[in-house]
Structures are given as C-alpha cells and as structure tokens.
Amino acid sequence: MSRYTPAEIEARWQDVWSKNEVFKAARSADKPKYYVLEMFPYPSGRIHMGHVRNYTMGDVIARYKLATGHSVLHPFGFDAFGLAAENAAMERGIHPKDWTYQNIDDMIAQMKPLGFSLDWSRLFATCDVDYYGQQQALFLDMLEAGLVYRKNAVVNWDPVDMTVLANEQVEQGRGWRSGALVERRELTQWFFKISDYSEELLSALDTLENWPAKVRLMQENWIGKSRGLQFAFSTIDAPDGHHRIEVYTTRPDTLMGASFVGISPDHPLAKVLERDNAEVAAFCAECRKGGTTEEAIETAEKLGFDTGIRVRHPFDTAHELPVYIANFILMDYGTGAIFGCPAHDERDFEFATKYDLPIIATYLPSEDASDVLEAAYVPAKTEKVFYNRGFAGEPHQTGLEGIDAAIDFCEANGVGQGVTKYRLRDWGLSRQRYWGCPIPVVHCDACGVVPEKKENLPVELPYDVSFDTPGNPLDRHPSWRDTPCPSCGTPARRETDTMDTFVDSSWYFARFTAPKADTPTVMEDAQYWMNVDQYIGGVEHAILHLLYSRFFARAMQITGHLPASAVEPFDALFTQGMVTHEIYQTRDANGRPVYHLPEEVMDGKLADGTPVEVIPSAKMSKSKKNVVDPLNIISSFGADTARWFVLSDSPPERDVEWTASGAEAAFKHLSRVWTLCDRIAAMDKDAAGTGDEDLLRAMHVCIHDVTMGIESFGFNAAIAKLYAFTATLQKSRASHAAQREAIMTLAQLMSPMTPHLAEDIWAHQGGEGLVTTAPWPRADDRMLVSDTVTLPIQVNGKRRAEISVPVDMPKEEVEKAALADQAVIRTLDGATPKKIIVVPGRIVNVVV
RNA sequence: GCCCGCGUGGUGGAAUGGUAGACACAGGGGACUUAAAAUCCCCAGGCAGGAAUGCCGUGCCGGUUCGAGUCCGGCCGCGGGUACCA
C-alpha cells in the first residue's frame, strides 16, 4: 500500500493545471460567467493563515462554479502602496519600491503551493506604473466631471518631526517617533465628492440582498441620514459679521430646554475671537491638542470656554443663552454649532454640570414625574412622553411626533427650516507621502491648479528619494517637482500629495476585467465580467473600503469606465472571521511580557523548562508571536491539509482557532481517504457485495448536503458531512462498482477543498480528464427520501419519548401513536391532553 | 464615547422557532504489537444512580410561545469599525 505524500502529489497537479491553463479566465458565449474575488492582500512579505483561509474560501466557490459549468474569473493582486513600505525605508534603509516588490515575489512564491485556482496571468500590484497611471487618468476624468475638489481639512501634525502623521502613528496624543504632543492643523487637501451620493448610497443598500445585514446596517449608520431643524440664534455683543449663529439640531422639540450654545473651536466665530483674545487663543490651542480621530475627540474630557457672547432664545427673546466654545463639537458635521439641552443629552448634561448651567426638562416620563433630573433623560424616540415644556403638537406624544411637530411649528413661525443632513463627509484623498499614486495636477502661479495632460501620464514616482529626514520626499525633490505648466508652459510645481490607498482598492476589481488595457477599463470586458458575483473579505472593511468602492463604481459609470449595471459592483458579499491562536507568554526581569512562537513551546514549557502562560486565542499577530507560518504547515502536511483544516473547524464568518492537533487530524483524515482509495482500487472488480443501495443512498445524501453547504458558505458543515460519508464508505461491504462510484464522487465533492488529493484519487480510479473540470455530481432526489421517520414526543415541551412512523402517516394517526407510547402514558399519569401539536416530520408536543 | 457583531461540553463547533451538543480535537478504555509508533473499535455535558432513569444545562436577568441556543427588552464580557493601518 502506498503512502499519502502531498509534497509530490501537489506539485504534480499544480503543474498539470498550469500547463492546461485550466484557470485562465476567458469570455465565453455559451457559459454563464462567475466572478469570485477575495479582498487582495497588502504585501507584508509573508502570507499568514488569514490569507490561507480567505483564499481557500474563494477557491472553494471558484472551483465549484467551474465544475458547475461557469466561465470563472478568479484573479489575484496586491494592494501595494502604503505606510509600511516607508517605515521599512526609514527603519532599514530599503527603498519602498524594492521592499514592496521583494515582498510581492516572496508572497507569490508562498501562495503558489496552495494550489488556488487563480488566473495568474491577470496579476498586478497597485504600485505598478501601469495601474496607477490608469488611476491618474481616472482621477482626471473625475476632476473634469466635478467629482473632485480642494478644501481645508485637519491633519495630525507632529511639531517636532514637522510632518503629518497617520492616526495609527499617534499614540495617546503623541507622535510615535518624536513623542511630541500632536496638534490638529489645517491643510488644503483634495476631496472626492462622495457626500453628493449620500442618499443614493443609502437607498441602494436595499438592493444589496446578498450582503450581510450587519454590513448594510453599519453603512446606513455611517451615512447617518437625519432630519432636523436648522435655524439661527441672534447674538448680543458679537463681532461684526456674526450677528447670527446658525445651528442644526435633530431634537428641535427640546428647544425650550436649551441652556447654552456651543460652537466648534474651528467655527468662524471662534477664529475671529481667537485673533483678538489671547485667552480664547489659548483655549482653542488646547482643544487642538491630540489626534483627529472621532474616538479621541469623543472620549476627551469635555471642555468649554464662555465667550461672553449671548444669544436670544428664538421664542423668548428675553431669555439669553451663553455661547461656549466646546471641544466636542465637530466643524465637519452640521453647522459646527449646536444648542445644548442638558436634560436630554448625556454630553450636554455632563457639560452643564461642569459649568453650572441650568438643566431644564422639556419632557418627562409622565405628568406627575419630577422635572429635577439626576441624569439626562434620554428615552427612545418611539416612546410616548409628556411634554412639560412642549410648544408644538400634543402634550403626550412620542419623540418622533414631537420633532415633526416642532419642525412644522418653527417653519410656520419663521424660525429656520426642516433640513435633511448626512453624517457622511467628503473623502479626503490627499496624503503627504511618497509611496502612493501621485495626484496628476500642477500648481502654476499664473493658471492656478492645472490638471496634467493625459498624454503626459503616467506621472511616475521618482526612484531617487531618501527617507533620512521626516516628511514627504517628493516635496524636496526639485527635479521631479519642477515641471512646466501643462496650460501655459511656464515653470510650475507638481502636486506633491499622493492618493489615499483606499483609492487604489476602490477600483481594482474593475481593472481585473482588463488588467493590461491602456485605458482604466475596457467596456466590453467590464460588461461581460462585472459584477463581482461573490466578494470575500474581512468585516473590518465593512464601511470604508466597501463604501468607497460603491462610490467609485458610480464615479466610473459617470466617467464612462463602467456600465450602469455595475454601479453596485459586488452582488454578494461574505465577511469571514479571523484565524486565531493561543498566545504563549513569559515575563522578563522587569515583569514585562515576552512572547514566544508556538514552535518554541512544548507541553507548556520552553526548551529550557521555563513554564509558559497560555493566553486564550487572539488574532494572529507578529507582535504577539502567536503566528503559524503556512509554509511550515505545507511542508509538514501539504496544502490540502491546511485548506481542509481552515475550512473544517469553524463557520467561515467566525474566527477559527489554529491548533496543531487539529491540523494533524486533518492530515490523518486525508491519509485515510487516500488509503481507502487504494483499497478500493485493489478490490476484485467482479466480486459481489452487500449494501450497494445503502451506500449509494448515503452518497446522494452527501452530494446534496455538500452542495447545499458550499452554496450557503457552510463549509464546516459540508466537511462534517464528508467525514460522515467517508466513515460510511470505509465500513461498506458494497460491490466494487458501487464503492468505486462512491470514492469518485467523494473525490469530486472534496475537490474544491482538497483539489490535489481529489485529482489523484480521480486519476487512480481511472476517471476521465481532470476532476477539476468534471461536471459536478447531481443528487438524485429519489435517493434522498426514506419511508420512515423518527419523531420525538414532548410532553409540555420536554422530550419524553420517540416513535418511528411512516413519513406519510396522517396527523390523527401520529397523535394516536404518540399517546400509545409507554413512556408518554407513564409521564401523563392519567392526565388528559388539552392539545396535541403535530409538526409533520419534525415533532409531536402533548400539552396537558 | 458612538456604531456593528459575538458569547453553547475540557476545546473548536452543530442545530429552517421543533430530540441541544452533529462532526472534529484533547481525554479515558480496549484490540493489534515482544514493545513503541501507526492503525482500528468503544466511552464521553454536569449532578445523582449499578442500571433503567431523573433533575439541571446554550454569558446573566426578564418576556413572547404548545415549544426559545434561535425571537423581544435590559445587563455583563469579548471582538471589529470610528473617516491618514489596510
């Protein structure tokens, strides 16, 4: 008997697939197309188990679709621009380009042994000049279409390194390298007008039926449509030009509870005051300390500064409210000014308590409730409350009714108007960095901002740059930066900002349909291959990447690069979980944690006997050293084992914990299947057997279950069925013909998960052609039904017995049979059933 | 802070509102072997019991239902996102 030797088998079949170009995508007139795409990876240099899992899932779908007669597009590439390459350059003196391409080569070498059904001929990286040059063309078209503009926006400024920091480079308000306190600073930046599409992006979510509901909900909340009232307070003692302060509120029904007006430190009025008043300037400077993230701003201590300016309440002009500059008000949302109603908002309550402002309830749980509040009263908007200081609508109404009534009343009385606003902000794409796609515009003293001519594209990144000083090397590269103005020809300067890497990943799926074209896309190919039928990736991309891509598809349609049918580019989305592993930790002399790789740990100890603390599974990360190198797994057990394991142990949308023993078990199972194939091949071809019918029935049930499993992303359940069927086949005494049919079908059903082993079994049993291209087996419905069924009998919802009855037994008969059961009689103990519920084929419940 | 998820044996997990724990790992017992490895067979949620069986049990508290792991409300814990990580 031969042994299962994946190293030899896997290389052989990969070679066969490659020579036969089995996975080369080609448009076909007579086959339905299927485009499956996994979110492309960042080229860190090493593939990890998360990649293996992500691509294995996509591969199962791709191979299944190939077997069910589709013309399949399953491409692969790299999201290759980004910060890490510049960090490597600064830390190790490697050029970002060299570092990135070396990593890409390494990762391709690690991907290939996994035997994925990828069309490698379509490979590209977003840092390829071919790709980003086309992206620049796209940008120019979008600029012309009015989808791009410039405005000021805040960035994290490191005052020591004199450079802009990414949010992740700000640690507890300080620059990660310099340790200096980070400040928020304004720069003129490029923006995509995604906010023009807020309503469209929101309403189209309803059409995305094959997206997870949670992702649609997250996007809905992110877009944040709200209806509210916009109106102005008239000011007292305010500087010229600020006689009114425009505010936006989603709770106009609380207007009678207003106790202060708050403006953002970046509000125009604040800026005027800052100029003439050192105290205000100091306060605003204080507010600008720290990072730009919503989290940093929202969790910071609420600070306010009384400007001394007062406003009049619109309905009671004798009532004056103070105007505060407050650090928690964002200039980006609404008008950058609010009125505070401490009684019904937790933040305002905290603020009012701190600055000793009145807390005036406008509604209460009931008429007799006290209006002295210990905390903000914030009931659901759908809850009916009593308006003790209502001014519109009924005294007893829900918040929603109160809001509508308040808007109507205010409009009728000339106090502002009802408006719809969105939380979604325009997409800032400028990055003050080298390793990204250059923004193809030129700044000319005479002509202003001038788009580069298309015939001058690509604007290629210069190679001769250095990273010995902080900041953007493009900024200090005169020979690259200085260029004639495309319009007037006089000396001018290139834009030195590069694009956000989200731009790169917002259209790569479209580029895969014509990766070599000298235009961004080719309409014929886009028409044929789009949309992506199944997109697979991590839920961490639920909002930004997926929302930007949806916007880009629209922008590409407007600029003629995608058909109208592709404005929602991803028909179905699946978000898979992470691969996790236990963390092994010891402590150094100072008590600080020291992490150890899994292979350094044996039986809970290091090689020198030091006991190791085991921390429960967490996402695999280099810093925690809880990583398993796919290459080690492949060299010990083969790619099929790695693929089988990452699918078998957890549902795909959840995290999977990598365990060495689990991987070993997967290998053992595949070896068993191999041995089983050998044994069947060696059987006497003419020998009679028993149980052919039973074996074939089990086989058809397995075909049905595995097919359903794959179609519904129930890979772990499909694999459980394959385990069960393998056990059945192993024990079978059926004829050779039946067993051969069973093992060949098993090979087909396993082929999306363990394609190399499946090919080998197929060939061993004399199968025609490749199992990869053999038509997917069909379950015979007649083989799926059995004539009896086991019914559990409950008494008052507790299971007490079970009976076996013919499938088609009428309800009355089933009732009789259930009541005749000894255990049921014993449990009833003479009691008369009030009701008997019979769910055909499922259960009987006797209620007493 | 805000938005979105998730929580089931020792472990990973299974279960269209219908027998909770499929399948697998670790564990225990056995067969084969001079022995070990490998392989095969059996047991296995907790408590009580020799067993039959009974009671308890899906993070916690409450609700809807003939019936809840599943639906609803409130908590707790963990994870993801929070617009310059990708």
A/T754 vs A/V673, side-chain contact (heavy atoms from CB on, under 4.5 Å): CA-CA, chis, key distance, verdict:
CA-CA 11 Å; A/T754 57; A/V673 176; over 6 Å; no

Please check the phosphate of B/A14 (OP1 and OP2 only) for any side-chain N or O of A/N716 closer than 4.0 Å.
yes

Starting at CG of A/L828 and ending at P of B/C66, how long is that distance when rounded to a whole Å?
18 Å

Does NZ belonging to A/K302 count more than 12 external heavy atoms closer than 6.0 Å?
yes

Nearest to the side chain of A/A665 - B/G81, B/A24, B/C85?
B/A24

Looking for any heavy atom pair under 4.0 Å, which part of the strands does A/V839 touch: base, sugar-phosphate only, or nothing?
base

Can you tell me how far C1' in B/G45 sits from the matching atom in B/G28, rounded to whole Å?
16 Å

The test is salt bridge (charged side-chain N to carboxylate O under 4.0 Å, His left out); show your working for A/K193 and A/D426 and say whether it passes.
CA-CA 5 Å; A/K193 273 195 175 169; A/D426 276 333; over 6 Å; no

I need the NE2-P distance between A/H669 and B/A38, as an integer number of Å.
18 Å

Please determine whether the number of non-hydrogen atoms from other residues, nucleotides or ligands lying under 6.0 Å from atom CD of A/Q172 exceeds 12.
no

Could you check whether A/Y723 and A/H669 have their ring centres less than 6.0 Å apart?
yes

Given the C1' atoms of B/U82 and B/A15, what is the spacing between them in whole Å?
35 Å

Using the ring centroid of each side chain, check whether A/F552 and A/F192 are separated by less than 6.0 Å.
yes

Expressed as a whole number of Å, how far does the C1' atom of B/G62 sit from that of B/C23?
35 Å

What are the atom names and distances for every N/O pair under 3.5 Å that joins the protein to nucleotides 1-10 of chain B?
residue	atom	partner	partner atom	Å
B/G1	N2	A/E294	OE1	2.8
B/C3	O3'	A/N221	ND2	2.8
B/C3	O2'	A/N221	ND2	2.9

How do A/W427 and A/N796 order along RNA chain B: which one's closest nucleotide is nearer the 5' end?
A/N796

B/G79 pairs with which nucleotide, Watson-Crick or G-U wobble, both distances below 3.5 Å?
B/C4

Mind checking the P distance from B/C66 to B/U16? Whole angstroms is fine.
22 Å

Does a nitrogen or oxygen in the side chain of A/K798 sit under 4.0 Å from OP1 or OP2 of B/C56?
yes

Would you say A/R672 reaches B/C40's phosphate, i.e. side-chain N/O to OP1/OP2 under 4.0 Å?
yes

Rounding to a whole Å, what distance do you find between A/F191:CZ and B/A83:P?
13 Å

What's the CZ-C1' distance between A/R842 and B/C66, to the nearest Å?
16 Å

Without decimals, in angstroms, what is the distance between A/D829 CG and B/G54 P?
14 Å

In whole Å, measure the gap between the P atoms of B/A48 and B/C4 for me.
45 Å

Under a 3.5 Å cutoff, is there a donor and acceptor pairing between the side chains of A/Y535 and A/W211?
no

Tell me whether the centres of the aromatic rings in A/F191 and A/W427 are closer together than 6.0 Å.
no

Which is true for A/G224 with a 4.0 Å heavy-atom rule: it touches a base, it touches only sugar-phosphate, or it touches nothing?
nothing

For A/Y723 and B/A14, what is the distance between atoms OH and P respectively, to the nearest whole Å?
15 Å

From CA spacing to verdict: salt bridge (charged side-chain N to carboxylate O under 4.0 Å, His left out), A/D158, A/R177:
CA-CA 9 Å; A/D158 185 322; A/R177 257 170 230 289; over 6 Å; no

Span that lies between the P atom of B/U70 and that of B/A83, in whole angstrom:
35 Å

Among B/A86, B/U19, B/A14, which is the nearest nucleotide to the side chain of A/P651?
B/A14

Taking atom P in both B/C43 and B/U64, compute the distance separating them and give it to the nearest angstrom.
42 Å

When the distance from NZ of A/K151 to P of B/A83 is rounded to whole Å, what number comes out?
15 Å

Apply the side-chain hydrogen bond (donor to acceptor under 3.5 Å, both in side chains) test between A/W435 and each candidate in A/T100, A/T501, A/T498; give the one that qualifies.
A/T100

Which whole number of Å gives the distance between the C1' atom of B/A22 and that of B/U58?
15 Å

Give the nucleotide from the list B/A86, B/C40, B/C66 with an atom nearest to the side chain of A/Q730.
B/C40

Pairing partner of B/C23 (Watson-Crick or G-U wobble, both distances under 3.5 Å)
B/G12

What does B/A36 pair with, Watson-Crick or G-U, if both distances are under 3.5 Å?
none

Under 3.5 Å, which protein N or O atoms sit close to an N or O of nucleotides 30-33 of chain B? Give each pair with its distance.
none

With sugar-phosphate meaning primed atoms plus P, OP1 and OP2, does A/E86 contact a base, only sugar-phosphate, or nothing at under 4.0 Å between heavy atoms?
nothing

When you measure from the side-chain N and O atoms of A/T501 to the phosphate of B/A86, is any distance below 4.0 Å, counting only OP1 and OP2?
yes

Given A/S430, which of A/M499, A/E495, A/R150, A/Q189 fulfils the side chain to side chain contact (heavy atoms under 4.5 Å, CB included) condition?
A/Q189

Close N or O pairs between protein and nucleotides 43-45 of chain B (under 3.5 Å):
none

A/R799 side-chain proximity, nearest of B/G80, B/A83, B/U19:
B/U19

With a 6.0 Å cut-off on the ring centroids, do A/F78 and A/F76 count as close?
yes

Just to be sure I understand the rule, does A/K668 reach a base, reach only the sugar-phosphate, or reach nothing, if contact means heavy atoms closer than 4.0 Å?
sugar-phosphate

Can you check whether A/N167 has a side-chain N or O nearer than 4.0 Å to OP1 or OP2 of B/A83?
yes

Which of B/G18, B/A83, B/A86 is nearest the side chain of A/I837? It is B/G18

So, A/T292 and A/N156: side-chain donor and acceptor under 3.5 Å apart, yes or no?
yes

Ring-face cation of A/R423 near A/W222 (centre distance under 6.0 Å, axis angle within 45°)
yes

How would you label the glycosidic angle of B/G9: syn (within 90° of 0) or anti?
syn

Tell me, yes or no, whether the heavy-atom count around A/E186 atom CD, taken from other residues, nucleotides or ligands under 6.0 Å, exceeds 12.
yes

Ignoring hydrogens and angles, state whether a donor on the side chain of A/T496 or A/D475 is under 3.5 Å from an acceptor on the partner side chain.
yes

NA contact type, A/L424, heavy-atom cut-off 4.0 Å: base, sugar-phosphate, or nothing?
base

Pick the nucleotide of RNA chain B nearest each of A/K731 and A/A717; which residue has the one closer to the 5' end?
A/A717

Find the distance A/L722:CG to B/A14:P and express it as a whole number of Å.
16 Å

Taking any heavy-atom pair under 4.0 Å as a contact, classify A/V844: base, sugar-phosphate, or nothing.
nothing

